**Q** 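Quick one: this structure, given as structure tokens, is what I'll be asking you about.
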Amino acid sequence: MAATAFAASSTAAAMLSGARLPVPGSAVLIPPRPRRSSSLPLPLSSSHYHDVCRFSSLRARASSSSEESSGSVQTDELLADLKGKWDSIENKSTVFLYGGGAIVAVWLSSIIVGAVNSVPLLPKIMELVGLGYTGWFVYRYLLFKESRKELASDIESLKKKIVGTGE
């Protein structure tokens, strides 16, 4: 008993004197940090209390709004529209094939980007190439009114080609 009391007092003395290492042969017991209970309220200043009251009233107003019923109507309309489009598709296996192909393409591209990113100098070079292309695109298509019209007509012709109702 006397040995443990001596060890504890010598450890405390070593800590108070600024020593970094405890006295040899003594055990250092560090008391656990007190847990902070989340149920204890934090002291609030008057401005914080005002903000809390304001946000709680906003939350109450949002839940009592009639927008929830119109949101469910929009969701029902969207689901009915999607179901109608799905029923109108003749070859559903092609849709699954394209969807699976898109998922595989995204997965492979993420692998390729990860591999390119691991090469030390290549990501910075690719960043410069991307910035250069972005600058060229802005200059070529977005800076002048005529070029914006040309871009819009190119996008419309591409949409027609994809849908199959054009040229």
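What you are looking at is a predicted structure, and each value in this text was computed from that prediction instead of being measured.
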**Q** Who passes side chain to side chain contact (heavy atoms under 4.5 Å, CB included) against Val95, sequence neighbours left out?
**A** Trp86, Ile89
**Q** Write out all pairs satisfying salt bridge (charged side-chain N to carboxylate O under 4.0 Å, His left out) with one or both partners inside residues 87-100, taking only residues at least two apart or from two chains.
**A** none
**Q** Rest of the hydrophobic cluster containing Leu78 (Ile/Leu/Val/Met/Phe/Trp/Tyr, side-chain heavy atoms under 4.5 Å)?
**A** Leu82
**Q** Among all residues two or more places apart in sequence or in another chain, which pass the side chain to side chain contact (heavy atoms under 4.5 Å, CB included) test with Lys159?
**A** Ile155, Glu156
**Q** Rounded to the nearest 0.5 Å, how far does OG of Ser147 lie from CG of Asp154?
**A** 10.5 Å
**Q** Identify, with sequence neighbours excluded, every residue that meets side chain to side chain contact (heavy atoms under 4.5 Å, CB included) alongside Thr94.
**A** Asn91, Tyr98
**Q** Which value, rounded to the nearest 0.5 Å, describes the distance between Glu77 atom CD and Thr75 atom OG1?
**A** 9.0 Å
**Q** Please set out all donor-acceptor pairs under 3.5 angstrom arising from side-chain atoms of residues 107-119, sequence neighbours excluded.
**A**
from, atom 1, to, atom 2, distance (Å)
Ser109, OG, Ala105, O, 3.2
Ser109, OG, Val106, O, 2.8
Ser110, OG, Trp107, O, 2.7
Ser118, OG, Ala115, O, 2.7

**Q** Can you give the donor-acceptor pairs under 3.5 Å from side chains of residues 132-144 to other protein atoms, not counting sequence neighbours?
**A**
from, atom 1, to, atom 2, distance (Å)
Thr134, OG1, Gly130, O, 2.8
Arg140, NH1, Glu150, OE1, 3.4
Arg140, NH2, Glu150, OE2, 3.0

